[in-house]
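Take a look at the structure set out below.
The figures that follow rest on heavy atoms only: side chains count, while hydrogens, waters and symmetry mates do not.
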Amino acid sequence: MLKTIDLHVHSIFSDGKKKIDEIIDIAYKNNVGYLSFTEHYNISSYNVAKTLDCKGIEIIPGIEIGTDMGKLGYHGKRHKCHILVYYPSVEVCFLLDKYEENREKAILKAIELLNRKQNVKVSYNDVYKFARDPSHITRFDLAITLAKMGFCEDPITAYGKYLDYNSKCYVSRNKETPKNLIKCIKKIGGVVVLAHPKSLNLNPDIEYDFLKSLVDEGLDGIEVYNPHNDNGKRQMYLDYCEEFNLIPTVGSDFHGLPVREEKIGSGINNNLNITDVSIIERIKEKAKI
């Protein structure tokens, strides 16, 4: 039986719920042959996975980085552009340091707003205590803390009420525009793919021009096979890939959260199960592996 591909999963090292070994076990049972941990702003999971028995699954190094669409005039939660980077160079760590600094400042500011404006008494030490990984504290860890301390019934509710875009204590972070981020990554090394393109929420004409502008900066691929792309969207993105010579990649965007249905390798209701190894070959060729 041919092995499937999943190049977009999250663990406790970002906003996922499962540990690395748990994800590997699930991937193995789901007949996955190629897997990439694409945590937000860090490569910790890949370093952990290298020390484990991956049951014959090839782990592709990856990372997911958010961008600022607001600077392009696309304001609000509706328009998201996330970039996946495969085989990121060592120099990417310097870029991540800047994002990490911004992340920590944003969390500290959110805690200050919770205390001052909402009378929600929580400290950074509280968040550290309840964090899934104390060495990499995220906004979702703050949501977990709020739930653990009784301010909300669960982390999802806490995140939506206090921390998400346009919520009571939302704090924006300094991010690059999509074009600037791609330009930067291509200079320092990495294969750049547009994640879950449906999240752009742009009409087709604007989306085409937007994607063309990313291609001009060095975009290497589009996550065509994502559980939330219907057949029409897939065909449209496949057409873009053919026109711009991009790699059509596959990713479930698995988080292991109860409110999400994506399964590693198979997506939602088995709408992935992609076995085209040329995807991996083309990524490796771009990365000069």
Side-chain angles (χ1 to χ4, degrees), residues 7-8 36 38-43 60-103 172-226 229 233-234 236-251 253 278-289:
L7 301 179
H8 191 168
S36 185
T38 50
E39 312 293 4
H40 296 284
Y41 313 109
N42 79 91
I43 55 174
I60 308 296
I63 192 169
E64 184 173 8
I65 304 175
T67 66
D68 189 341
M69 291 286 280
K71 293 177 181 176
L72 303 178
Y74 303 111
H75 297 287
K77 185 179 176 181
R78 290 186 65 248
H79 303 291
K80 294 181 180 178
C81 179
H82 288 193
I83 299 297
L84 298 165
V85 183
Y86 300 110
Y87 294 102
S89 70
V90 176
E91 286 79 8
V92 171
C93 292
F94 296 112
L95 175 66
L96 297 180
D97 284 343
K98 183 170 71 171
Y99 274 82
E100 282 296 287
E101 182 181 349
N102 291 333
R103 175 192 56 78
S172 63
R173 289 165 54 184
N174 292 324
K175 299 175 182 177
E176 299 287 352
T177 65
K179 289 175 64 174
N180 286 346
L181 178 62
I182 292 173
K183 186 185 300 184
C184 178
I185 294 296
K186 296 312 294 184
K187 283 182 181 177
I188 59 183
V191 181
V192 181
V193 172
L194 175 66
H196 40 67
K198 185 179 178 181
S199 296
L200 292 174
N201 257 319
L202 302 173
N203 72 50
D205 289 340
I206 294 175
E207 184 176 70
Y208 178 89
D209 291 338
F210 177 77
L211 288 173
K212 177 64 169 61
S213 73
L214 301 188
V215 170
D216 291 341
E217 299 299 339
L219 184 70
D220 296 304
I222 299 174
E223 194 174 69
V224 171
Y225 303 106
N226 178 280
N229 291 340
K233 284 285 187 181
R234 283 188 182 187
M236 181 179 74
Y237 294 128
L238 281 172
D239 291 343
Y240 289 158
C241 285
E242 183 174 355
E243 178 177 353
F244 298 127
N245 192 29
L246 301 174
I247 306 168
T249 69
V250 50
D253 199 7
S278 71
I279 293 171
I280 303 298
E281 293 170 348
R282 291 181 67 186
I283 290 174
K284 289 182 175 181
E285 183 181 0
K286 282 281 186 182
K288 298 180 171 58
I289 301 299

Heavy-atom donor-acceptor pair, Ser199 side chain to Lys80 backbone, under 3.5 Å: no

Validation row: Cys241, Ile247 side chains within 4.5 angstrom (heavy atoms): no

Glu39 and Ile63, any side-chain heavy atoms less than 4.5 Å apart: no

For Tyr240 against Leu246, the heavy-atom pair lying closest together: O-CD1, 4.5 Å

Student check: side-chain heavy atoms of Met69 and Leu200 closer than 4.5 Å: yes

Note, His8 side chain near Thr38 side chain (heavy atom, < 4.5 Å): yes

Separation of Asn229 CG from Asn226 CG (nearest 0.5 Å): 5.0 Å

Sub-4.5 Å side-chain heavy-atom contact between Tyr86 and Leu7: yes

Test log, rule side chain to side chain contact (heavy atoms under 4.5 Å, CB included), inputs Ile83 and Thr67: CA-CA 8 Å; Ile83 299 297; Thr67 66; 3.9 Å; yes

Pro248 vs Arg282 side-chain heavy atoms within contact, under 4.5 Å: yes

Could you give the side-chain donor-acceptor pairs of residues 177-195 under 3.5 Å, partners two or more places apart or in another chain?
residue	atom	partner	partner atom	Å
Thr177	OG1	Asn180	N	3.2
Thr177	OG1	Asn180	ND2	3.3
Lys186	NZ	Gly190	O	3.2
Lys186	NZ	Asp220	OD1	3.4
Lys186	NZ	Asp220	OD2	2.7

Interatomic distance, Thr249 atom OG1 to Leu84 atom CG [nearest 0.5 angstrom]: 6.5 Å

Straight-line distance of Tyr41 OH to Glu64 CD, nearest 0.5 Å: 8.0 Å

Student check: side-chain heavy atoms of Pro61 and Pro88 closer than 4.5 Å: yes

Distance-only polar pair, side chains of His196 and Glu223, donor-acceptor under 3.5 Å: no

Minimal non-hydrogen separation, Pro197 against Ile222, with atom names: CG-CG2, 3.8 Å

Let me check something: any side-chain donor-acceptor pairs from residues 204-216 under 3.5 Å, sequence neighbours excluded? List them with distances.
residue	atom	partner	partner atom	Å
Glu207	OE1	Tyr237	OH	3.4
Glu207	OE2	Tyr237	OH	3.1
Tyr208	OH	Glu243	OE2	2.4
Lys212	NZ	Asp216	OD1	2.9
Lys212	NZ	Asp216	OD2	3.4
Ser213	OG	Phe210	O	2.5

